[in-house]
A.B. asks: 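My structure is below; once you've seen it, I'll send some questions.
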There are 2 protein chains.
Amino acid sequence: MVKPVTIKDIAQHCGLSVATVSRVVNGKGAVRAETVEKVEAAIQALGYRPSMAARALKSASSMTLGVIIPSLTNPVFAETAAGLQQRARELGYTPLILSSDYDDALELGAVENLLAYQVDGILLTVNDAAASAALQRLDEAGFPYCLMHNVPRHRVAGYIGVDNFRAAAEVAERILAQGHTRIGMISGEFIRTDRARDRHAGFLAGLKYAGVALAQLVQVDPVNATGLQQALTAVYEQSEESPTAWFCSNDLLALAAIAQLERMGKRVPDEISIVGFDGIQAGALRAPALTSIRTPNLEIGSAAVDLLLTQLNDTSSGTGRKLGYQLVAGGTLAETSVIRDGSTPGKTQDTPFQLFNESKDDA
Amino acid sequence: MVKPVTIKDIAQHCGLSVATVSRVVNGKGAVRAETVEKVEAAIQALGYRPSMAARALKSASSMTLGVIIPSLTNPVFAETAAGLQQRARELGYTPLILSSDYDDALELGAVENLLAYQVDGILLTVNDAAASAALQRLDEAGFPYCLMHNVPRHRVAGYIGVDNFRAAAEVAERILAQGHTRIGMISGEFIRTDRARDRHAGFLAGLKYAGVALAQLVQVDPVNATGLQQALTAVYEQSEESPTAWFCSNDLLALAAIAQLERMGKRVPDEISIVGFDGIQAGALRAPALTSIRTPNLEIGSAAVDLLLTQLNDTSSGTGRKLGYQLVAGGTLAETSVIRDGSTPGKTQDTPFQLFNESKDDA
DNA sequence: CTACAGGATGTAATCGTTTACATATACGTA
DNA sequence: TACGTATATGTAAACGATTACATCCTGTAG
């Protein structure tokens, strides 16, 4: 374990003061071209790297961005993290990524931890923006942050996300357009996240607009799919008047539902239609592809970085943006086979239909 | 943006010196119980958090572990990161996660970056352990690290992974046991990663042991699935003697292959069998489930943390461990329908068959 | 009663940078 | 020649913590 090279070593090696070396490293202040070369040569030769710890200590900035996401393994947040990491790298920042495991206490702990690391700002997705101790802590401290995926009703420092309510309402519209009348919803983290709640509310609103009521609401702990199995079995054993279409509040749940239905001998989409939410890769990697709302996860990450950084420079700039989503047609949503008018039973819509929308902040 | 509270503020507030406060914070050195209480109260009241930057600067340790993985969105590495983060948190360490995008230059850059952050050690997955500039850099500096997923032939500071060669050989054995004779392999990152190479070599060895040659080798860029589509179409248009079973060097590829085959009208597993590698969730979330080798990703992460930390304390301890893998039966591998002996065509093996193995280091 | 042990606390150096300020050198101009 | 003005470099004080060492108690043994 070799002792690391410091700025002093470089200075000594070049017969210069540390100040000059520092000026060369940071490219600010006047330094003779010849000297610059000499210093840079020494840096190369000795393999010097400035200590971020010392830099962070002296100057307030650490060029580090704190990141808190609910889960590293959820493809949605993994993509968001990837997008943000990419953008941060482009701008010379290093992201410090922590996961909260959907736990409010860990969420707060993560914030405290990041604050101790003197990150320049924090990008985060909280369970419920309206009731987050972590967020409250940040607001109290006046610490710069930008929410990702959360689109809160109250005023926040910044946010980037999609309009879950509206997207879910459009899903309802699409399902209704296929002639379904008995429609259910499967939600996972319903009680826990504001996103799940918005999707639920939006879906209900969409149905209600057409005068249709939600036939079934299945809530399962997203951790164990066994809950889903039991719930679905119960629903279809119980009555013949069971849903012909389900909206699942995320794709993982949708895929689990499809697998379970197929295990129960129900064909998707011939007998039962399924629509997910998120647009994860696993949904596209099946035939037929999962019909879903695709959220621009990478962009949410990168846009959040940009928003946070503008905030850092110019305090009290725009507080947020809703990004566009996309309804990917896939093949798991089809005309209902119950009320049929002579057309091919359960025929999948074949023209891929997409929907774009984007709106400026209105918080 | 409030100025953060420092140790000095606490000292002043209590009428004590910073030394005493520091002793209370770190719980070392003799302090009167009464004083401890007073200081702790002040810490609570003022909301003090010690600056990691200052701590890292003064003491050599930053309680931070560097992490480099090829991709945040690949479920394998996402799980590894989750496992490692979990374990690190338990031990009071904070992981600093960077992704290399399978790029050797970024890999090296990430190492430099982490070194600048004065992490206490590095956990990483490199493309090719035998030819990694990043690894060489770490070895030269004598910097403590532990590889994850890479199981190199040469001596390294530490590694945790599975025996890809052996696992792939067992896959060959299982496929052969189902009566297949025309067997292909689909590999993605073939040229790029040592894992893909080991899996290829192991699969070949497994086939060879039974006197069978590989019928087809399809290599595709994992980024665009279009390569796969064209390759598979070509293979099955060309001849009737095309493979009845494929081994895919990872699950993402396997799922893409299944989707493509089904789009081509081939049924899996009735007509064609598919076996993947990794055991990702998306493979389990389909009916029938993907037959695959499940690698203990979470454990690889947590074990790597443990190994690295023992190394930090006691230099030159054990250099590595191979963890057990598991062949999950799934339902995409079936008896070949070509040579049939009256049994149900393409019947899926129904008894879930598992295989465990674990071996100590022998590097 | 003195001395000394040992507990509790303070003093100050240090870690590797950045940066305001001081100093030195060179050049053109009055 | 002397002086102002850049331009190039050095000096030294921070940043917030840790920690060896000094100091000041208090109690107890000789």
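Residue numbers start from 1 in every chain, and the chains themselves are labelled A, B, ... in the order their sequence lines are given, proteins ahead of strands. Please read these numbers as outputs of a predicted model, since none were measured by experiment.
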A.B. asks: Closest heavy-atom contact between B:Leu312 and B:Pro144?
C.D. replies: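 Taking every non-hydrogen atom into account, CD2-CG, 3.4 Å.
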A.B. asks: For A:Ala78 versus A:Leu72, what's the shortest heavy-atom pair and its separation?
C.D. replies: CB-O, 3.5 Å
A.B. asks: Could you list the residues that satisfy side chain to side chain donor-acceptor pair (under 3.5 Å) with A:Ser100, not counting sequence neighbours?
C.D. replies: none
A.B. asks: Please name all residues satisfying salt bridge (charged side-chain N to carboxylate O under 4.0 Å, His left out) with A:Asp306, sequence neighbours left out, ordered by chain then number.
C.D. replies: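 Scan of A:Asp306 (salt bridge (charged side-chain N to carboxylate O under 4.0 Å, His left out), adjacent residues dropped) gives A:Arg87.
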A.B. asks: Kindly calculate the angle separating the two end axes of the helix from C:dC1-D:dG30 to C:dA30-D:dT1, each obtained from five base pairs, and round it to 10 degrees.
C.D. replies: 70°
A.B. asks: Does a side-chain heavy-atom distance below 4.5 Å link A:Tyr93 with A:Leu309?
C.D. replies: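 Answer yes - side chains close enough.
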A.B. asks: Starting at atom CD1 of B:Ile10, determine the distance to atom C1' of D:dG16, rounded to an integer number of angstrom.
C.D. replies: 13 Å
A.B. asks: Determine whether the aromatic ring centres of residues A:Phe77 and A:His149 are separated by less than 6.0 angstrom.
C.D. replies: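 Yes, the ring centres sit under 6.0 Å apart.
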A.B. asks: Does A:Ser17 put a side-chain nitrogen or oxygen below 4.0 Å from OP1 or OP2 of D:dG10?
C.D. replies: yes
A.B. asks: In residues 107-125 of chain B, what donor-acceptor pairs under 3.5 Å come from side-chain atoms, sequence neighbours left out?
C.D. replies:
{"unit_1": "B:Glu107", "atom_1": "OE1", "unit_2": "B:Asn127", "atom_2": "N", "d": "3.3"}
{"unit_1": "B:Glu107", "atom_1": "OE2", "unit_2": "B:Ser132", "atom_2": "OG", "d": "3.2"}
{"unit_1": "B:Glu112", "atom_1": "OE1", "unit_2": "B:Arg137", "atom_2": "NH2", "d": "3.1"}
{"unit_1": "B:Glu112", "atom_1": "OE2", "unit_2": "B:Arg137", "atom_2": "NE", "d": "2.7"}
{"unit_1": "B:Asn113", "atom_1": "ND2", "unit_2": "A:Thr94", "atom_2": "OG1", "d": "3.2"}
{"unit_1": "B:Tyr117", "atom_1": "OH", "unit_2": "A:Thr64", "atom_2": "OG1", "d": "2.7"}
{"unit_1": "B:Gln118", "atom_1": "OE1", "unit_2": "A:Ser51", "atom_2": "OG", "d": "2.8"}
{"unit_1": "B:Asp120", "atom_1": "OD1", "unit_2": "B:Ser62", "atom_2": "N", "d": "2.9"}
{"unit_1": "B:Asp120", "atom_1": "OD1", "unit_2": "B:Ser62", "atom_2": "OG", "d": "3.4"}
{"unit_1": "B:Asp120", "atom_1": "OD2", "unit_2": "B:Ser61", "atom_2": "OG", "d": "2.8"}
{"unit_1": "B:Asp120", "atom_1": "OD2", "unit_2": "B:Met63", "atom_2": "N", "d": "3.0"}
{"unit_1": "B:Thr125", "atom_1": "OG1", "unit_2": "B:Met148", "atom_2": "O", "d": "2.8"}

A.B. asks: Identify, with sequence neighbours excluded, every residue that meets salt bridge (charged side-chain N to carboxylate O under 4.0 Å, His left out) alongside A:Asp101.
C.D. replies: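 Expected list: B:Arg89.
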A.B. asks: Atom CZ of A:Arg49 and atom C1' of C:dT17: how far apart are they, to the nearest Å?
C.D. replies: 15 Å
A.B. asks: Looking at every heavy atom in both B:Pro95 and B:Val67, which two are closest together, and how far apart are they?
C.D. replies: CB-CG2, 4.1 Å
A.B. asks: Could you check if a side-chain atom of B:Thr319 sits within less than 4.5 angstrom of a side-chain atom of B:Arg155, using non-hydrogen atoms only?
C.D. replies: yes
A.B. asks: Taking all atoms of both residues into account, what is the closest heavy-atom pair of A:Thr73 and B:Ala82, and its distance?
C.D. replies: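 For A:Thr73 versus B:Ala82, the nearest heavy atoms are CG2-CB, 3.9 Å.
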A.B. asks: Rounded to the Å, how far apart are A:Gln12 CD and C:dT17 P?
C.D. replies: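 It is 13 Å, rounded to the nearest whole Å.
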A.B. asks: Residues of residues 29-47 of chain B with any non-hydrogen atom less than 4.0 angstrom from an atom of DNA chain D: list those, numerically ordered, please.
C.D. replies: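 Nucleic-acid contacts, sorted: none.
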A.B. asks: Do any side-chain atoms of residues 39-46 of chain A form donor-acceptor pairs under 3.5 angstrom with protein atoms, and if so which ones, sequence neighbours left out?
C.D. replies:
none

A.B. asks: Enumerate donor-acceptor pairs with a distance under 3.5 Å from any side-chain N or O in residues 20-36 of chain A to protein atoms, sequence neighbours excluded.
C.D. replies:
{"unit_1": "A:Thr20", "atom_1": "OG1", "unit_2": "A:Ser17", "atom_2": "OG", "d": "3.4"}
{"unit_1": "A:Ser22", "atom_1": "OG", "unit_2": "A:Asn26", "atom_2": "ND2", "d": "3.3"}
{"unit_1": "A:Asn26", "atom_1": "ND2", "unit_2": "A:Ser22", "atom_2": "O", "d": "3.0"}
{"unit_1": "A:Arg32", "atom_1": "NH1", "unit_2": "A:Glu34", "atom_2": "OE1", "d": "3.2"}

A.B. asks: Looking at DNA chain D, which of residues 109-120 of chain A put a heavy atom within less than 4.0 Å of it?
C.D. replies: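 Of all residues in residues 109-120 of chain A, none places a heavy atom under 4.0 Å from DNA chain D.
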A.B. asks: List, with names and distances, any nitrogen or oxygen atoms from the protein found under 3.5 Å away from nitrogen or oxygen atoms belonging to nucleotides 25-27 of chain C.
C.D. replies:
none

A.B. asks: Mind listing the N/O atom pairs, protein and nucleotides 18-23 of chain D, below 3.5 Å?
C.D. replies:
{"unit_1": "D:dT18", "atom_1": "OP1", "unit_2": "B:Asn26", "atom_2": "OD1", "d": "3.2"}
{"unit_1": "D:dT18", "atom_1": "OP1", "unit_2": "B:Asn26", "atom_2": "ND2", "d": "3.0"}
{"unit_1": "D:dT18", "atom_1": "OP1", "unit_2": "B:Arg55", "atom_2": "NE", "d": "3.1"}
{"unit_1": "D:dT18", "atom_1": "OP1", "unit_2": "B:Arg55", "atom_2": "NH2", "d": "3.3"}
{"unit_1": "D:dT18", "atom_1": "OP2", "unit_2": "B:Ser22", "atom_2": "OG", "d": "2.6"}
{"unit_1": "D:dT18", "atom_1": "OP2", "unit_2": "B:Asn26", "atom_2": "ND2", "d": "3.0"}

A.B. asks: For A:Asn297, what residues pass the side chain to side chain donor-acceptor pair (under 3.5 Å) criterion, not counting sequence neighbours?
C.D. replies: A:Glu79, A:Thr295
A.B. asks: Roughly how far apart are B:Thr6 OG1 and B:Tyr48 OH, rounded to 0.5 Å?
C.D. replies: 7.0 Å
A.B. asks: Rounded to whole Å, how long is the line connecting atom CG of B:Leu57 with atom P of D:dA14?
C.D. replies: 17 Å
